[in-house]
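The structure displayed is predicted, hence computed values, not measured ones.
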Amino acid sequence: MSLLKNLITSAAVAVVATVNCHADENVNKYASDPDISDLALIYAGNSNRPAWTKEHLEPYVTHRYADGHEDWLFDGFLFLEFSKGDIAFQNGMKLTPATQSDWKWLLDEYFAPGVKLHALDEIIADKKATLGDAPLRHKVVITCCAPTKLASGNWSRSVWGTVNGKDLRMMQTSDRVEAVKWYIDEILARWDEAGFENIDLEGVYWIEEGLYTNGEIIPQINEYIHSKGLRSYWIPYYRDNKVFWSQWDDTYGFDMVYLQPNYAFYTSDGGLYPYSLLEETCDAAKAYGTGLELEFETQGKSNALHEVNETLHSHINDYMDVFEKKGVFAEAGVAYYSGTQGMIHMAQSNDSVNHATMDRLARYVADRQKVRADHAGINDVTADGDTIAVAGDHSISLSQGASCHDISGRLLHSGSGTFECPSGIYIVSDNHGRSMKLFVK
């Protein structure tokens with residue numbers, strides 16, 4: 001499995017270190033994920049979603065500007081889903097709780113040949129042939145289904161599924177933990193089997209934006225995610241949710257959190273949120289050490305296509321204005337919610353204002369990634385104690401248990417022995433917390 005360990009990846013691409021936040025308001029620093037600059041949300045699975053072929057994913061992987069030139073866009077992709085028909089993968093929907101077979105179904109969707117993850121791997125390969133390598137290697141985060149209560153609000157006493165010969169029931173806290181651990185193991189097994197060449201599995205995303213139902217198991221789940229060499233991600237909403245997001249690190253153990261302003265949508269009574277909500281959310285993100293989410297959608301009530309709703313379309317530029325003014329684009333990790341297929345609709349639109357807005361957004365993304373790539377520092381990566389690798393003439397000798405990556409994060413060799421390699425810079429890890437850089441002549 002071509003996974004980048006946190007220390008190696010931070011050496012290769014990090015500009016701003018992730019903030020370790022505690023439940024106070026004195027952090028005064030946004031969180032910037034060491035492995036992902038700009039994370040696009042890809043809603044995939046339910047029947048109302050795109051099939052996510054290469055053509056569907058293309059506007060998320062690259063952007064074509066008004067002058068006709070094409071360039072790389074998002075470097076991170078979060079595959080997530082809330083439900084399939086009347087089956088729920090999270091609480092609060094008052095639908096039928098998903099069982100083990102439903103969780104398997106969702107992973108079958110993500111790993112289906114020719115679409116979704118496979119299509120992403122393939123479209124990146126296609127674009128490399130014309131654009132060359134992207135500034136940053138592409139990463140994937142996969143949603144984690146949540147144990148879900150019945151519509152009545154009670155846990156089901158029925159068998160959810162079977163793990164290691166044991167029937168699990170969601171009424172038991174320990175069984176809920178075991179179910180989620182099984183799902184994480186299944187992600188890893190399927191990723192290994194897929195053999196992707198252009199994308200790395202970076203982490204697991206908790207699907208519930210509030211932790212009212214499953215908060216008690218989150219620390220155990222995140223600890224298990226970390227034990228597998230992955231990172232844990234979460235995108236909570238800002239308003240009326242502080243009891244949870246303010247404790248994202250010290251209580252719950254998430255690695256990266258993006259705070260949603262929800263400025264892009266109508267209020268429950270049909271009004272618009274004030275511009276000040278954006279500023280307030282940015283201030284909270286900086287105070288508590290999180291990243292931010294930029295939001296718009298192109299379907300339903302809050303359709304922000306310029307030809308449909310000029311006011312909501314202007315909110316997209318408001319996000320960019322505030323994110324620039326507040327230092328979000330310069331310092332923070334950013335996730336991008338564009339509804340079910342916002343980037344597709346924007347790319348297909350005949351409205352020049354839509355294209356101008358997306359050109360502006362794409363320039364921010366491109367500039368952010370160029371800065372990270374240009375300032376990728378590895379000088380702080382050192383080895384101590386016994387030598388774990390030695391550079392030779394067009395070769396690297398590894399000690400037992402060590403692994404060698406190139407600076408894009410691609411695993412090249414593992415285990416003891418001497419391996420031929422071209423001249424360049426390499427990162428070697430003993431997979432127990434120590435790493436070093438090597439210069440091969």
Side-chain angles (χ1 to χ4, degrees), residues 1-6 8-15 32-44 50 52-64 70-80 110-111 114-143 187-188 190-192 194-205 229-231 233 255-256 258 291 333-338 343-344 361-362 364-374 376 405-412 427:
M1 175 175 55
S2 182
L3 292 178
L4 301 185
K5 300 300 180 182
N6 292 342
I8 297 172
T9 309
S10 63
V13 301
V15 175
S32 176
D33 189 80
D35 305 330
I36 297 173
S37 175
D38 299 278
L39 181 68
L41 276 63
I42 307 293
Y43 288 86
W52 294 112
T53 62
K54 290 196 296 183
E55 290 73 22
H56 291 131
L57 285 163
E58 184 173 10
Y60 296 80
V61 174
T62 63
H63 177 73
R64 190 169 295 278
E70 185 180 21
D71 201 358
W72 294 101
L73 193 58
F74 301 119
D75 66 307
F77 301 85
L78 165 57
F79 284 79
L80 70 163
Y110 289 160
F111 288 90
V115 294
K116 302 180 178 72
L117 292 171
H118 281 278
L120 178 62
D121 190 55
E122 293 163 11
I123 189 63
I124 292 171
D126 291 348
K127 294 302 179 181
K128 281 183 176 180
T130 57
L131 299 176
D133 289 340
L136 305 175
R137 186 165 169 84
H138 294 88
K139 312 291 184 181
V140 167
V141 179
I142 295 179
T143 190
I187 292 174
L188 288 164
R190 291 179 186 233
W191 191 276
D192 280 345
F196 298 119
E197 296 182 358
N198 301 292
I199 53 178
D200 296 324
L201 179 60
E202 189 59 35
V204 178
Y205 170 72
L230 300 174
R231 293 170 59 76
Y233 292 78
D255 293 298
M256 185 64 197
Y258 305 88
V334 181
Y336 299 80
Y337 167 85
S338 59
M343 302 304 293
I344 298 172
L361 178 61
Y364 279 120
V365 173
D367 288 347
R368 282 162 52 80
Q369 293 179 23
K370 185 176 186 300
V371 167
R372 288 176 74 111
D374 288 347
H405 295 72
D406 63 19
I407 60 172
S408 72
R410 182 176 55 190
L411 177 63
L412 301 178
I427 305 297

Should Tyr364 and Val334 be marked as a side-chain contact (heavy atoms from CB on, under 4.5 Å) after you check the CA-CA gap, both sets of side-chain angles, and the distance that decides it?
CA-CA 11 Å; Tyr364 279 120; Val334 181; over 6 Å; no

Considering residues at least two apart in sequence or located in another chain, which fulfil the salt bridge (charged side-chain N to carboxylate O under 4.0 Å, His left out) criterion with Asp75?
none

Under a 4.5 Å cut-off applied to non-hydrogen side-chain atoms, are Ile36 and Val141 in contact?
yes

Let me confirm one number: the CG-CG distance from Asp255 to Asp35, rounded to the nearest 0.5 Å.
9.5 Å

Tell me, do Trp52 and Ile42 make a side-chain contact under 4.5 Å, heavy atoms counted?
yes

I'd like to check Ser32 versus Arg372 (side-chain heavy atoms, cut-off strictly below 4.5 Å). Are they in contact?
yes

Looking at every non-hydrogen atom in both residues, tell me the closest pair between Leu230 and Gly203 and how far apart they are.
CB-CA, 4.1 Å

Check step by step if side-chain contact (heavy atoms from CB on, under 4.5 Å) holds for Leu120 and Phe79.
CA-CA 11 Å; Leu120 178 62; Phe79 284 79; 4.0 Å; yes

Mind checking the CD1-CD spacing from Ile199 to Glu197? Nearest 0.5 Å is all I need.
10.5 Å

Leu188 side, atom CG; Leu201 side, atom CG - distance, nearest 0.5 Å:
6.0 Å

Under the side chain to side chain contact (heavy atoms under 4.5 Å, CB included) rule, collect the residues that match up with His118, sequence neighbours excluded.
Glu122, Ala194, Phe196

Is it the case that atom CD in Glu70 sees more than 12 heavy atoms from other parts of the structure closer than 6.0 Å?
yes

Ion pair check, Lys139 and Asp200, cut-off under 4.0 Å:
yes

Hits for salt bridge (charged side-chain N to carboxylate O under 4.0 Å, His left out) against Glu55, two or more places apart or cross-chain, chain-then-number order -> none

Contacts of type side chain to side chain donor-acceptor pair (under 3.5 Å), residue His138, not counting sequence neighbours
none

Ring pair (Phe, Tyr, Trp, His ring centres under 6.0 Å) partners for Tyr337, two or more places apart
Tyr43, Phe265

Do Ser37 and Gln369 come within less than 4.5 Å of each other through their side chains, counting heavy atoms only?
yes

So, the side chain of Asp71 versus the backbone of Ala366: is there a donor-acceptor pair under 3.5 Å, distance only?
no

With sequence neighbours left out, the residues meeting side chain to side chain contact (heavy atoms under 4.5 Å, CB included) with Ser338 are Tyr60, Phe296, Met343

Minimum heavy-atom distance between Pro135 and Ala373, given as atom pair plus value
O-CB, 3.7 Å

Glu58: partners by salt bridge (charged side-chain N to carboxylate O under 4.0 Å, His left out), with sequence neighbours left out
Lys127

Between Ile142, Leu41, Thr143, which is the residue that forms a side-chain contact (heavy atoms from CB on, under 4.5 Å) with Tyr205?
Thr143

State which residues pass salt bridge (charged side-chain N to carboxylate O under 4.0 Å, His left out) with Asp126; sequence neighbours excluded, sorted by chain then number.
Lys54

Please determine which of Asp133, Leu57, Val61, Leu131 meets the side-chain contact (heavy atoms from CB on, under 4.5 Å) test together with Ile124.
Val61

Ring pair (Phe, Tyr, Trp, His ring centres under 6.0 Å) with Phe74: which residues, sequence neighbours excluded?
Tyr336

Applying ring pair (Phe, Tyr, Trp, His ring centres under 6.0 Å), name anything that partners Phe111, two or more places apart in sequence or on another chain.
none

Are the charged groups of Asp33 and Arg231 less than 4.0 angstrom apart, N to O?
yes

Just so I know, are the side chains of Tyr233 and Glu202 near enough to count as touching, which here means a heavy-atom distance under 4.5 Å?
yes

